[in-house]
Amino acid sequence: MKIARLILEDGSQFVGWSFGFDAPTTGEVVFNTAMTGYPESLTDPSYAGQILVTTYPLIGNYGVPDTGLGKNGLPLFMESEKIHAKALVVADYSETYSHWNARESLANWLKREKIPAITGIDTRRLTKVLRESGVMMGRIEIDGSGEFAIQQDGEANLKFATHGSRITNSSEREDYGSVNWVEKVSCKEVITYQPIGEKKHRVVLVDCGVKANIIRCLIKRGIEVVRVPWDYDFNQLEFDGLFLANGPGDPEQCSKTVANIQTFLNRGLQIPSNVRPCMGICLGNQLLARAAGANTYKLKYGHRSHNQPVQQVGTTRCFITSQNHGYAVDDKTLPADWEPLFVNMNDGSNEGIRHKTNPWMSAQFHPEACSGPVDTEFLFDEFVKMLG
């Protein structure tokens, strides 16, 4: 195993060992506190452009399941067809795995998909740095790769040099928020998924980086899902309802999607007979809010875990939810005909919105919650009820 380093843009360095693909990479460093679900997290398109740090120390002990596709064209066990995270950082990688569903080791999978990974990192110290300073860009360096050199300038700002080319400091390097990651992970053409059993409704799903389990949850409820690219003008189609999927990055980068959603909403507001239900998840919550006229902002270190407590506004109902997002909706900027639907019990941030009269709602968390918990999957049933 080669020595590997994670270097943050503030100059912090964490040294460990490479157990994935031996190549350098750069990304936004984020942490996830979930105890299980690394195959699902790594294949979640919402992690595109990010270096994933797991706070649970032991990773890899149950291996990796089949990465193939099922008859319906969806992954059998994963959330997409490939790993989207730029790299993985863990405290202790288990070289031995055991699980009835395992097909290969985590290390083999990472190497096959050319994803770097580090073990032996003090992830508790790293997480404290990210909690106190906020998420930041970082680079993984593998000893012996011969591609990158590291040096320090007089002002203690970390700099990178590539093959002797011009040295650039962290402020000049590509920032995570400046990239339209949704465009990178969205499907490129319209894909239709047939329902399991009797067809009840036809729903357009705007793919901003959709997790496969969202589609599974819809088709098993008798929904024909028409999956369209992030910038596709879905208003030209015939459908019974609209679904806004999750995805990576800053919602401000998705102005084309927001414009299409605004057209959808305005048709319903102008002619009540044109109102059709809409539901959003994660980034879909932020896009719906922006289409309604609200603002979004970046969280200090985001919500990435399986244990985020959420309360339904106006009730005493609380839920434990799975989340993966770095941006949030500003409740105070919601128009008068919209209201918060859920609130985060840890930091008070928005966890969902709804229209006061029309069947339009969203959740910032993941009701499909693969790999768990499934406490809020009933929201899919509520969406089906709105479809009639």
Side-chain angles (χ1 to χ4, degrees), residues 1-6 16-32 34 36-54 56-121 123 138-148 181 184-188 209-213 215-216 247-248 304 324 370-371:
M1 297 175 72
K2 297 180 180 179
I3 294 176
R5 295 177 177 83
L6 171 65
W17 302 93
S18 170
F19 73 95
F21 186 68
D22 290 334
T25 191
T26 303
E28 184 181 57
V29 184
V30 300
F31 64 88
N32 186 314
T36 60
Y38 54 82
E40 292 87 350
S41 292
L42 288 169
T43 55
D44 182 351
S46 295
Y47 278 114
Q50 296 178 323
I51 295 174
L52 174 60
V53 179
T54 61
Y56 190 72
L58 183 63
I59 299 296
N61 57 310
Y62 58 88
V64 175
D66 191 335
T67 58
L69 303 179
K71 294 181 180 179
N72 55 14
L74 293 170
L76 290 170
F77 301 105
M78 304 298 185
E79 289 304 299
S80 68
E81 294 82 2
K82 67 175 186 178
I83 297 176
H84 287 277
K86 297 289 288 292
L88 178 65
V89 178
V90 307
D92 185 9
Y93 169 63
S94 175
E95 297 185 15
T96 302
Y97 66 91
S98 177
H99 193 273
W100 68 268
N101 201 25
R103 294 294 180 269
E104 63 182 323
S105 69
L106 174 57
N108 285 343
W109 183 39
L110 292 167
K111 292 174 183 177
R112 182 160 53 82
E113 299 221 6
K114 299 183 178 180
I115 304 297
I118 303 178
T119 183
I121 292 288
T123 52
R139 174 172 288 284
I140 286 181
E141 300 285 348
I142 312 294
D143 274 15
S145 64
E147 294 193 19
F148 288 86
W181 294 104
K184 293 179 179 292
V185 302
S186 176
C187 62
K188 307 307 178 186
V210 65
K211 292 173 64 180
N213 209 44
I215 300 177
R216 297 187 194 107
R304 298 175 181 89
N324 175 19
C370 194
S371 58

Closest approach of I115 to A85 (non-hydrogen atoms, all atoms of both residues): CD1-O, 3.7 Å

Sub-4.5 Å side-chain heavy-atom contact between T54 and L88: yes

Point-to-point distance, once rounded to the nearest 0.5 Å, from CG of D22 to CE of M1: 9.5 Å

Contacts of type side chain to side chain donor-acceptor pair (under 3.5 Å), residue E28, not counting sequence neighbours: Q50, K298

What side-chain donor-acceptor pairs closer than 3.5 Å can you find for residues 56-71, not counting sequence neighbours?
{"from": "Y62", "atom 1": "OH", "to": "G37", "atom 2": "N", "distance (Å)": "2.7"}
{"from": "Y62", "atom 1": "OH", "to": "Y38", "atom 2": "N", "distance (Å)": "3.4"}
{"from": "D66", "atom 1": "OD1", "to": "G68", "atom 2": "N", "distance (Å)": "2.8"}

Point-to-point distance, once rounded to the nearest 0.5 Å, from CD of E40 to SG of C370: 4.5 Å

For S186, all residues meeting side chain to side chain donor-acceptor pair (under 3.5 Å), sequence neighbours excluded: none

Residues which pass side-chain contact (heavy atoms from CB on, under 4.5 Å) with F21, listed by chain and number, not counting sequence neighbours: A23, K114

Smallest separation among heavy atoms of K2 and D143, with atom names: CD-O, 3.4 Å

Donor-acceptor pairs under 3.5 angstrom involving side-chain atoms of residues 100-111: please list them, not counting sequence neighbours.
{"from": "R103", "atom 1": "NH1", "to": "N101", "atom 2": "O", "distance (Å)": "3.4"}
{"from": "E104", "atom 1": "OE2", "to": "R112", "atom 2": "NH2", "distance (Å)": "2.3"}
{"from": "S105", "atom 1": "OG", "to": "N108", "atom 2": "N", "distance (Å)": "3.1"}
{"from": "S105", "atom 1": "OG", "to": "N108", "atom 2": "ND2", "distance (Å)": "3.2"}
{"from": "W109", "atom 1": "NE1", "to": "E113", "atom 2": "OE2", "distance (Å)": "3.2"}

Nearest non-hydrogen partners of I142 and P24, listed with the distance: CG1-N, 4.5 Å

Heavy-atom closest contact (A91 atom, T119 atom, distance): O-OG1, 3.5 Å

Reported CG-to-CD distance for the pair L6 and E141, which is rounded to 0.5 angstrom: 10.0 Å

Side chain to side chain donor-acceptor pair (under 3.5 Å) against N32, all qualifying residues, sequence neighbours excluded: Y47

Close side-chain approach of F19 to I118, heavy-atom, < 4.5 Å: no

Heavy-atom donor-acceptor pair, K211 side chain to D44 backbone, under 3.5 Å: no

With sequence neighbours excluded, residues passing side-chain contact (heavy atoms from CB on, under 4.5 Å) with A87: T25, I51, P116, I140

Inter-residue atom distance N324.CG - S46.OG, 0.5 Å rounding: 5.0 Å

Which donor-acceptor pairs under 3.5 Å do side chains of residues 74-84 form with protein atoms, sequence neighbours excluded?
{"from": "E79", "atom 1": "OE1", "to": "A212", "atom 2": "N", "distance (Å)": "3.3"}
{"from": "E79", "atom 1": "OE1", "to": "N213", "atom 2": "N", "distance (Å)": "3.2"}
{"from": "S80", "atom 1": "OG", "to": "T43", "atom 2": "O", "distance (Å)": "2.5"}
{"from": "S80", "atom 1": "OG", "to": "K82", "atom 2": "O", "distance (Å)": "3.0"}
{"from": "S80", "atom 1": "OG", "to": "H84", "atom 2": "NE2", "distance (Å)": "3.1"}

Nearest heavy-atom neighbours spanning A48 and V185: CB-CG1, 3.7 Å

